[in-house]
Amino acid sequence: MFVMTSKELWELYHIDIKRFIFSKVKNEQLANDLTQETFLKAHINLNKLKDLTKAKQWLFSISRNLIYDYFRKNTVSVAIDENMMSESLSQETEHTAQDCLLGIIKNLPKKYRDPLFLSDVKGMKQAAVAAQLGLALPTVKSQIQRARKLITQGYMECCDYKLNDDGFLIGEVQEKENCKVCN
């Protein structure tokens, strides 16, 4: 019976595992740390690997679980910085659709605002958002979809936008004093 050593596992798969982890966490140092932790767990549990043809799958499974654990333990509450918002609002002398958008996002319920912010503003994949917030992926998807609908509704209430036949918002931004969100 052939037994694979931890060193052989490392030499064969560490680049693939690190690349996978980095694709999920987008941080080089964190990817290095989680790669090391993956191979440490593999070393400790090497006797549990019965089928050597599944070694790579086994390592990916360990790394995926470590990534989920990392995001669960390090959930970050996303808050829209009030100072940032007021600075961006005060820099514009003319009232713009962006002013309304910031106001609408700020007024979203937290359960919709956080996933939307991470996904649409930060550019995270929805699976990573789900892991970071400790929520199920379908929940995050529906919260983001609901947040987008609330933004559309916010524009309709704020500046009297309308939806055209194709489902696109049409209209013009009201003067700031007539805007229901920004005023």
Side-chain angles (χ1 to χ4, degrees), residues 17-31 33-34 60-61 63-183:
I17 296 297
K18 182 181 175 191
R19 188 176 300 128
F20 168 72
I21 293 172
F22 182 78
S23 75
K24 303 300 180 196
V25 300
K26 307 287 191 244
N27 179 300
E28 186 76 26
Q29 186 57 48
L30 180 57
D33 291 347
L34 291 174
F60 274 100
S61 178
S63 64
R64 187 174 22 264
N65 290 333
L66 287 170
I67 292 166
Y68 287 139
D69 288 345
Y70 170 79
F71 281 128
R72 264 193 294 276
K73 290 176 189 172
N74 296 291
T75 56
V76 176
S77 177
V78 179
I80 296 176
D81 185 354
E82 300 291 332
N83 294 331
M84 176 195 78
M85 291 188 77
S86 58
E87 284 174 15
S88 66
L89 291 173
S90 64
Q91 289 175 354
E92 291 287 330
T93 55
E94 185 179 318
H95 186 236
T96 66
Q98 185 176 6
D99 296 330
C100 295
L101 179 61
L102 289 171
I104 293 167
I105 291 174
K106 177 182 161 192
N107 291 323
L108 286 176
K110 184 174 176 34
K111 74 178 192 175
Y112 301 128
R113 183 179 61 231
D114 290 355
L116 176 87
F117 182 79
L118 291 172
S119 174
D120 291 2
V121 176
K122 290 283 198 173
M124 291 175 64
K125 294 191 183 238
Q126 291 181 355
V129 172
Q132 182 165 346
L133 296 176
L135 299 170
L137 181 58
T139 301
V140 167
K141 287 182 175 190
S142 67
Q143 287 176 340
I144 291 169
Q145 186 176 34
R146 179 70 178 137
R148 291 173 181 158
K149 286 179 182 177
L150 288 171
I151 288 172
T152 300
Q153 183 180 346
Y155 271 111
M156 293 169 72
E157 292 170 2
C158 166
C159 291
D160 298 323
Y161 276 63
K162 306 285 183 229
L163 283 177
N164 68 10
D165 293 338
D166 296 323
F168 293 104
L169 282 172
I170 55 171
E172 292 187 28
V173 176
Q174 301 288 323
E175 294 295 324
K176 189 168 187 167
E177 55 272 0
N178 296 331
C179 181
K180 297 171 189 136
V181 171
C182 301
N183 194 8

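All of these numbers come straight from a predicted model, not from anything done at the bench.
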Do any side-chain atoms of residues 145-152 form donor-acceptor pairs under 3.5 angstrom with protein atoms, and if so which ones, sequence neighbours left out?
unit_1 : atom_1 : unit_2 : atom_2 : d
Arg148 : NE     : Asp120 : OD2    : 3.0
Arg148 : NH2    : Asp120 : OD1    : 2.7
Arg148 : NH2    : Asp120 : OD2    : 3.3
Thr152 : OG1    : Arg148 : O      : 3.2

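Note that NZ of Lys24 is 14.5 Å distant from CG of Leu66, once rounded to the nearest 0.5 Å. Taking CG of Leu133 as the start and CD of Gln143 as the end, the distance is 8.0 Å to the nearest 0.5 Å. Rounding to the nearest 0.5 angstrom, the gap separating the CG atom in Leu30 from the CZ atom in Phe22 is 10.0 Å. Rounded to the nearest 0.5 Å, atoms CD1 (Ile21) and OH (Tyr70) are 12.5 Å apart. With values rounded to the nearest 0.5 angstrom, Asn107 atom CG is found 9.0 Å from Arg113 atom CZ.
Here the closest non-hydrogen pair linking Ala31 and Val25 is N-CG2, 4.1 Å. Across all non-hydrogen atoms, the minimal contact from Phe20 to Ile67 is CE2-CD1, 3.9 Å. Of all non-hydrogen atoms in Val129 and Ser119, the two that sit nearest each other are CG2-N, 4.0 Å.
Annotation: Lys26, atom NZ; neighbour count of heavy atoms from other residues, nucleotides and ligands within 6.0 Å is above 12.
Qualifying salt bridge (charged side-chain N to carboxylate O under 4.0 Å, His left out) partners for Lys18, counting only residues two or more places apart in sequence or in other chains: Glu28.
Side-chain atoms of Ser142 come within 3.5 Å of backbone N or O of Thr139 as a donor-acceptor pair.
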Next item on the list: Please lay out, stage by stage, how Ile104 and Tyr155 fare under the test side chain to side chain contact (heavy atoms under 4.5 Å, CB included).
Entry: CA-CA 8 Å; Ile104 293 167; Tyr155 271 111; 4.0 Å; yes
